[in-house]
2 protein chains.
Amino acid sequence: MTQPPIRIVLADDERMVRTALRAILSAEPGLEVAGEATTGAEAVSVVRELRPDVVLMDVRMPEVDGIRATEQIVGSMAQPPRIVVVTTFENDAYVYDALRAGASGFLLKRSDADALVQAVRLVARTDTLLFPSALRSLAAQHARSAAPAAPWVSRLTGRERDVLRHMADGLTNAEIARRLDVGPATVKSHVAAVLAKTGARDRTQAVIAAYEAGFLSGR
Amino acid sequence: MTQPPIRIVLADDERMVRTALRAILSAEPGLEVAGEATTGAEAVSVVRELRPDVVLMDVRMPEVDGIRATEQIVGSMAQPPRIVVVTTFENDAYVYDALRAGASGFLLKRSDADALVQAVRLVARTDTLLFPSALRSLAAQHARSAAPAAPWVSRLTGRERDVLRHMADGLTNAEIARRLDVGPATVKSHVAAVLAKTGARDRTQAVIAAYEAGFLSGR
DNA sequence: ATCCGTCTCCGCCGCACGGGGGAGGGCTTC
DNA sequence: GAAGCCCTCCCCCGTGCGGCGGAGACGGAT
């Protein structure tokens, strides 16, 4: 029943945090802290060298952040370790980005010692609580529409948004005019403004921009 | 340091599975199997009555399946329990549907006792390993594009797919012709075919259809 | 040997679209 | 009260687009 210990690398720029994590994890039978890193870049090289089973990765780190480091590790190793991203807030953006980058799990800094240990043990096993394969594509898909939060969207006037939404429903200018109860010429003006602001050449490109920017999020 | 036990409800139509789960969980200090259910409908009423902390929910169950039961529980209770969906395969569809329904985690049936216990403990804590709030919207978003798998897509010929992809990049017929190294008239023919098969009136509607059908999944 | 689907291309026609430029009324801002 | 922004609407013009009908060439299926 004796198994090889779960080897862990800690990546966090604050010494206090690393010390605390190490203290908790080292006390656990079957867990072993193999190494530490204080920057994202260092994390990548340390992980590549030590080939641990699990990496506890802070999001905020100098130079290269945790997300990017995760990306590089997952992208460059044949059998990358499970990476648990440690974060302070339940910030949505972080979650999506980290999933897309290849993280296997999340841990909030306010979690207690028990949760930490359990999370590490769990994520070290291959197929327990959810994700990698399934969520990877899901996150990738979501990233496209939620990531940039396009700049031009905020520059559209209210009417222009109305018109763009109807354009994205595949309506002609005349149809939009009827829906909005205005003249066709008015719609043309709004369409022209939308094209200018989105940088689109024609209505098709404008609709594409709307989709890519997640402009249609509210249906 | 003594905390109230984590109360669990098991929902699975196979007695063997329930017995096994109960044996494992009951042996653990701090865990308590509060009740069982053998159908989705029964699961809903049992959970509503017992108000457990965690529900282990099988996907395949007579009458109402686990996904639907999860939906009903999460949708009808002010403070719904954490629901862990138990599944045999890493079937993508199940994962997405379950997330959308409000499940908090996943467990494969082949998981060992240890993983089971850890998963339950973990998911019982409020904010440890990821999800609910964050993944809910993510899953909802994904559902739209992954659900139907439009019928017309399979009817497109290879060339028509090429053309549609370029249409969805916002190119004109002339530009597509250059990219594909064919005459403009040829592209027109393909575009006409695409419009007919997608039921679109113009290229804009065709592009919309492509997006809605998740036709652009591969970039 | 025949048929059918696919890919390739042709002409003609009508129209919705988009570009350019302008104009008036209503609103807030300063 | 002048300046700006937004919404509304007008004309003219060129053209990309889509509908219609047709055709030749290649391949696989029967």
Side-chain angles (χ1 to χ4, degrees), chain A residues 149-213 215-219, chain B residues 149-213 215-219:
Chain A
W152 55 261
V153 174
S154 59
R155 306 188 48 214
L156 293 179
T157 69
R159 214 47 167 169
E160 285 158 8
R161 286 163 204 257
D162 292 340
V163 171
L164 177 53
R165 262 185 274 271
H166 284 95
M167 283 194 271
D169 281 337
L171 302 184
T172 66
N173 288 343
E175 288 169 338
I176 296 173
R178 279 194 289 277
R179 294 270 182 109
L180 297 181
D181 198 41
V182 296
T186 303
V187 175
K188 282 192 69 175
S189 295
H190 292 314
V191 170
V194 169
L195 294 183
K197 289 182 182 176
T198 55
R201 187 171 45 190
D202 49 46
R203 69 201 299 101
T204 303
Q205 286 190 354
V207 170
I208 292 168
Y211 269 94
E212 300 291 352
F215 178 74
L216 297 327
S217 291
R219 185 129 329 155
Chain B
W152 55 261
V153 175
S154 59
R155 307 187 47 214
L156 293 178
T157 70
R159 215 46 170 169
E160 285 157 6
R161 287 164 203 254
D162 292 339
V163 171
L164 178 52
R165 262 185 276 272
H166 284 96
M167 282 195 274
D169 281 338
L171 302 184
T172 65
N173 289 343
E175 287 169 338
I176 296 173
R178 279 195 289 275
R179 295 267 182 109
L180 297 181
D181 198 40
V182 297
T186 303
V187 175
K188 283 193 69 174
S189 295
H190 291 315
V191 169
V194 168
L195 295 183
K197 289 181 181 174
T198 55
R201 184 172 48 187
D202 50 46
R203 68 202 297 102
T204 301
Q205 286 191 354
V207 169
I208 292 169
Y211 268 94
E212 299 292 352
F215 177 75
L216 295 329
S217 291
R219 183 139 330 160

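Letters go in sequence order (proteins before strands), and every chain restarts at 1.
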Worksheet item: Taking C-beta and beyond as the side chain, do A:Ile208 and B:Val207 meet within less than 4.5 Å on heavy atoms?
Response: yes

Worksheet, complete the sentence: Here the distance between atom P of C:dG19 and atom CD of A:Gln205, to the nearest Å, is 11 Å

Worksheet, complete the sentence: Between B:Thr157 and B:Pro184, whichever has its closest DNA chain C nucleotide further toward 5' is B:Thr157

Worksheet item: Where the side chain of B:Glu212 meets the backbone of B:Ala209, is there a donor-acceptor pair that is under 3.5 Å apart?
Response: no

Worksheet item: Should A:Thr186 and A:His190 count as side-chain neighbours, where that means a heavy-atom distance under 4.5 Å?
Response: yes

Practice prompt. Calculate the interatomic distance between B:Asp202 atom CG and C:dG14 atom C1'; express it in whole Å.
Written response: 16 Å

Fill in: Between P of C:dG25 and CZ of A:Arg159, the distance in whole Å
20 Å

Discussion item. Which nucleotide wins on minimum distance to the side chain of A:Val182, given the candidates D:dG16, C:dC17, D:dT8?
Written reply: D:dT8

Item to complete: Round to a whole Å and report the spacing from CZ of A:Arg203 to P of D:dG18.
Response: 11 Å

Worksheet item: Is it true that a side-chain atom of A:Asn173 and a backbone atom of A:Ile176 form a donor plus acceptor pair closer than 3.5 Å?
Response: no

Fill in: Nearest-angstrom distance from the residue atom CG of A:Leu171 to P of C:dC17
10 Å

Discussion item. If you count heavy atoms of other groups shown closer than 6.0 angstrom to CZ of B:Arg179, is the number above 12?
Written reply: no

Practice prompt. Specify the separation, in whole Å, of atom CG of B:Asp162 and atom P of C:dT8.
Written response: 9 Å

Practice prompt. Check the distance between D:dC5's P and A:Leu156's CG and give it to me in whole angstrom.
Written response: 16 Å

Worksheet item: Between residues 185-198 of chain A and DNA chain D, which residues have a heavy-atom gap below 4.0 Å?
Response: A:Ala185, A:Thr186, A:Ser189, A:His190

Worksheet entry | d(CZ, A:Arg201; P, D:dG16) in whole Å | 10 Å

Worksheet item: Charged N to carboxylate O below 4.0 Å: is that the case for B:Glu175 and A:Arg201?
Response: yes

